[in-house]
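So the structure is just underneath, and the comments pick up after that.
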Amino acid sequence: MPGCRIGPFYIGQPSREQQEEVVQQVPRYGIYNATATADVGAVVLWASHDSTGLPWNYDNRRSTVKKEGQDARTNEKKNAVDRAVQTIASSVFFSEDSSQVRLGSGRKAFKKASQMILSWEHFRLGWAYTNSPDVRVGAPVVVVARALGLWTINPLRVCSKQIGRNRVSFCHRTLEGHQLAGEETFVVDMKKDGSVWYGVQTVSRPDTLVALLAYPLLRVYQNKFKEDSMKHMCAVIQK
């Protein structure tokens, strides 16, 4: 039975059909750029050309991914309330976070952890999950999450991906319709000492009046996601 929608919220878990409606609004990229990194064999891809459909709701001035020339086009048709929220949120409520946890050591652990984030294992938390698309630049992502008994569906798109011998990462960025504006990067690193780490890096701010008013609560759930995701990754990699 589909969830009953009231504004940005759903009473009851959203159905696959309701999630697919959001996915269908997310445009796919037609042009990609690639650049080599210092990590041998690594290639970073990022989207440089937008299509029709939902635009970014966040420019990349505070990006968690270092890159050049990325299209930062955002929706310029916001109403006065939304523009006021953006102005206030950008100056007062911008949050930047970075957390990591050690998963193990050695090449085997690195390969397993890398496959885990590329298959969205880090997002299988019950109260939060995604549509688990193939991790490729331009892929549409919807994050379904529950807070205080209410569900939301938030659209994003994979904007960069890096595959290297000792580092695997990807970043997804919010689109119009997401309650927050920002991006989130997931990283698996193997350090010089052979230790393997999973990390989450985020930058975000409220993008709607609802999110601005509820921002303290949203921050609680952002921190809960990082903690739960790291605990889940640690538990799964030990199996």
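Nothing here was measured: the structure is a model prediction, and the numbers come from that model.
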Can you find a side-chain donor-acceptor pair between [X] and [Y] that sits under 3.5 Å?
| X | Y | answer |
| --- | --- | --- |
| D228 | W127 | yes |
| Q179 | T208 | yes |
| T202 | Q222 | no |

According to a 4.5 Å side-chain heavy-atom criterion applied to Ile, Leu, Val, Met, Phe, Trp and Tyr, with indirect links allowed, do [X] and [Y] form part of one hydrophobic cluster?
| X | Y | answer |
| --- | --- | --- |
| L125 | M116 | yes |
| L118 | V158 | yes |
| V210 | L150 | yes |
| Y221 | L156 | yes |
| I237 | M230 | yes |

Study note, to complete from the structure: Between V200 and the options H122, E227, E184, M233, the side chain to side chain contact (heavy atoms under 4.5 Å, CB included) test singles out E184
Exercise for review: Look at the aromatic rings of H172 and F170 and report parallel, tilted or perpendicular, splitting at 30° and 60°.
Suggested key: perpendicular
Practice item. Quick one: sort the F225 and F123 rings into parallel, tilted or perpendicular, breaks at 30° and 60°. Key: tilted
Review point. Considering residues at least two apart in sequence or located in another chain, which fulfil the side-chain hydrogen bond (donor to acceptor under 3.5 Å, both in side chains) criterion with Q19?
Key: none
Practice item. List in chain and number order the residues that pass ring pair (Phe, Tyr, Trp, His ring centres under 6.0 Å) with W197, two or more places apart in sequence or in another chain; answer none if no residue qualifies. Key: none
Check your understanding: Can you list every pair that meets salt bridge (Lys or Arg N to Asp or Glu O under 4.0 Å) and has a residue in residues 103-119, with sequence neighbours left out?
Key -> none
